[in-house]
S.K.: 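A single structure is presented below for examination.
Here the structure is a predicted model, which means the values were calculated and not measured. All chains are named by letter (A, B, ...) in the order of the sequence lines, taking the proteins before the strands, and each is independently numbered beginning at 1.
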Amino acid sequence: MPPIYINIILAYTASLVGLLMYRSHFMSSLLCLEGMMLSLFVLATILSLNLHFTLSFTLPIILLIFAGCETAVGLALLVMISDIYGLDHVQNLNLLQC
Amino acid sequence: MMYFTFLLSVIFVISFMGFSSKPSPIYGGVGLLVSGGVGCSIVVSLGGSFLGLMVFLVYLGGMMVVFGYTTAMAIEEYPEAWGSNVVVLGALLLGLTMELFVVLWMVCYDEVEVVISFKSMGYWVVFEGEGTGYFHGDSTGVAALYSYGCWLVVVAGWSLFMGVVIVIEVTRGG
């Protein structure tokens with residue numbers, strides 16, 4: 001396999017680790033989710049370009065469409081959280097604590 | 001300039017470390033913008049010019065703009081950059097060190113083997129096929145979305161429409 005793949009997979013893993021570890025802002029986790037989508041898009045595109053498999057170029061386009069849907073819903077939820085609590089800190093989401 | 005695409009992918013990982021170390025979201029948005037640009041140049045350097053344009057128009061021009069003004073609306077405080085906090089700086093330096101290690105491994109041994117091996121000189125196979133004629137391969141592939149994948153277009157369009165309705169419903173209630 002060409003060596004660029006290891007860098008794209010490393011970028012995906014870095015975003016995944018960044019998504020799973022919360023700091024204060026909810027927005028930065030959404031940005032890490034976007035980074036995961038971008039790295040998957042680049043991976044799918046360079047796979048299709050290297051293998052010359054023309055029909056599989058529909059995969060990056062469909063991935064981008066559904067990533068857009070997911071971004072919209074995530075941002076709507078963030079706007080509602082910020083509306084109620086004033087800021088989007090993760091510690092505000094504490095209604096279920098014992 | 002044989003390793004130009006590999007160098008671009010190293011810059012891709014470095015800008016991913018820039019927002020995965022979680023600074024304030026406005027600086028994370030800058031890092032995602034840079035990584036979108038570098039990702040587009042990786043794709044274009046391998047010959048996929050249409051898909052690189054898709055990254056710029058749809059991803060950066062559509063989704064990042066929405067992220068930008070949502071960040072400006074929902075965040076009001078003193079933003080912390082990469083040097084303001086030990087945690088952010090430490091995470092960034094850890095990521096850069098890891099990437100440097102991988103690059104040195106690749107340059108010295110010409111092969112990285114974790115579970116599968118990433119080699120520069122893989123196996124060469126004979127490539128046959130009638131090709132796409134005078135058209136670029138990636139434009140033809142995306143055009144196939146409308147001929148072979150018309151049901152997929154209907155499903156994706158319907159789910160985008162449902163996404164808009166869901167967003168309206170979520171932001172309505174209080």
Side-chain angles (χ1 to χ4, degrees), chain A residues 1-8 10-12 14-15 17-19 21-23 25 27-32 34-35 37-39 41-42 45-46 48-50 52-58 60-62 64-73 75-84 87-88, chain B residues 5-6 9-10 12-13 16-17 19-22 24-25 28-29 32 35-36 39 42-43 46-48 51 54-55 58-59 62-63 66-67 70-71 74-75 77 95 99 102 106 112 116-120 122 127 132 137-138 140-142 144-145 148-149 152 156 159-160 163 166-167 170-171:
Chain A
M1 264 203 198
I4 9 169
Y5 289 144
I6 192 171
N7 275 328
I8 311 293
L10 266 178
Y12 174 79
S15 283
V17 168
L19 172 69
M21 294 199 199
Y22 290 153
R23 286 190 67 234
H25 278 290
M27 182 71 169
S28 41
S29 296
L30 284 184
L31 280 172
C32 285
E34 285 310 299
M37 289 297 141
L38 176 67
S39 66
F41 179 91
V42 170
T45 308
I46 62 182
S48 312
L49 283 167
N50 267 339
H52 294 279
F53 189 22
T54 316
L55 270 183
S56 70
F57 279 113
T58 54
I61 305 289
I62 296 297
L64 211 55
I65 291 175
F66 289 110
C69 291
E70 172 187 6
T71 304
V73 174
L75 281 176
L77 290 173
L78 181 133
V79 161
M80 288 315 284
I81 291 173
S82 169
D83 224 7
I84 292 175
L87 282 175
D88 64 337
Chain B
T5 314
F6 186 68
S9 64
V10 170
F12 188 67
V13 176
F16 259 65
M17 294 303 165
F19 70 81
S20 295
S21 54
K22 305 275 193 95
S24 187
L32 197 53
S35 43
I42 293 175
V43 165
L46 286 172
L51 282 161
M54 280 276 298
V55 169
V58 173
Y59 193 83
M63 306 201 316
V66 174
F67 259 98
T70 309
T71 307
I75 319 288
E77 58 170 53
E99 177 60 21
V102 168
M106 178 67 68
V112 174
I116 44 179
S117 78
F118 299 92
K119 280 197 278 227
S120 309
F127 172 62
T132 52
D138 64 339
T140 315
V142 174
L145 181 62
Y148 291 110
L152 194 55
S159 56
L160 276 173
I166 285 169
V167 165
V170 166
T171 50

S.K.: What closest approach, in Å, do A:Ala72 and B:Val167 show between heavy atoms, and which atom pair accounts for it?
M.R.: O-CG2, 3.6 Å
S.K.: Who wins among A:Val17, A:Leu30, A:Asn50, A:Ile81 for the most heavy-atom pairs under 4.5 Å with chain B?
M.R.: A:Leu30
S.K.: So, using side-chain contact (heavy atoms from CB on, under 4.5 Å) as the criterion, who are the partners of B:Ala156 when residues are at least two apart?
M.R.: A:Ile65, A:Phe66
S.K.: Which region of A:Ile62, side chain (C-beta onward) or backbone (N, CA, C, O), has a non-hydrogen atom less than 4.5 Å from a non-hydrogen atom of chain B, or is it both or neither?
M.R.: side chain
S.K.: Report the residues that fulfil side-chain contact (heavy atoms from CB on, under 4.5 Å) with B:Ser24, sequence neighbours left out, ordered by chain and then residue number.
M.R.: B:Tyr27, B:Pro79, B:Glu80
S.K.: Should A:Ile61 and B:Leu51 count as side-chain neighbours, where that means a heavy-atom distance under 4.5 Å?
M.R.: yes
S.K.: Is A:Ser29 close to chain B through its backbone or its side chain, or both, or neither, when contacts mean heavy atoms under 4.5 Å?
M.R.: both
S.K.: Please report the closest heavy-atom contact between B:Ser20 and A:Cys32, naming both atoms and the distance.
M.R.: CA-SG, 4.1 Å
S.K.: With B:Phe12 as reference, evaluate A:Leu10, A:Asn7, A:Ile8 under the side-chain contact (heavy atoms from CB on, under 4.5 Å) test and give the passing residue.
M.R.: A:Ile8
S.K.: What are the two closest non-hydrogen atoms of A:Met80 and B:Thr171, and how far apart are they?
M.R.: SD-CA, 3.6 Å
S.K.: Which one of B:Ser21, B:Gly163, B:Pro25, B:Gly95 has the most heavy-atom pairs closer than 4.5 Å to chain A?
M.R.: B:Pro25
S.K.: What are the two closest heavy atoms between A:Leu31 and B:Gly28, and how far apart are they?
M.R.: CD1-C, 3.7 Å
S.K.: Please classify the contact of A:Ser39 with chain B as side chain, backbone, both or neither, using a heavy-atom distance under 4.5 Å.
M.R.: both
S.K.: Shorter than 4.5 Å, heavy atoms on both sides: which option in A:Leu75, A:Val79, A:Leu77, A:Thr71 has the most such pairs with chain B?
M.R.: A:Leu75
S.K.: Please classify the contact of B:Val102 with chain A as side chain, backbone, both or neither, using a heavy-atom distance under 4.5 Å.
M.R.: side chain
S.K.: Search all heavy atoms of A:Thr58 against all heavy atoms of B:Ala144 and return the closest pair with its distance.
M.R.: CG2-C, 4.4 Å
S.K.: Which atoms of A:Leu78 come close to chain B, meaning under 4.5 Å heavy atom to heavy atom: side chain ones, backbone ones, both, or neither?
M.R.: side chain
S.K.: Which heavy-atom pair separates B:Lys22 from A:Tyr22 by the least distance, and what is that distance?
M.R.: NZ-CA, 4.1 Å
S.K.: Can you tell me which portion of B:Leu46 sits under 4.5 Å from chain A's heavy atoms? Options are side chain, backbone, both or neither.
M.R.: both
S.K.: Check whether A:Ser15 gets within reach of chain B through its side chain, its backbone, both or neither, counting any heavy atom under 4.5 Å.
M.R.: both
S.K.: Find the distance between CG (B:Leu32) and CE (A:Met37) and round it off to the nearest 0.5 Å.
M.R.: 12.0 Å
S.K.: Just how far is it from atom CG of A:Leu38 to atom OH of B:Tyr59, taken to the nearest 0.5 Å?
M.R.: 4.5 Å
S.K.: Between B:Val43 and chain A, which part of the residue has a heavy atom less than 4.5 Å away: side chain, backbone, both or neither?
M.R.: both
S.K.: For the residue pair A:Val73 and B:Val170, establish whether any side-chain heavy-atom pair is separated by less than 4.5 Å.
M.R.: no
S.K.: In terms of heavy-atom pairs under 4.5 Å, which option from A:Ser48, A:Gly18, A:Ala67, A:Ser56 contacts chain B the most?
M.R.: A:Gly18
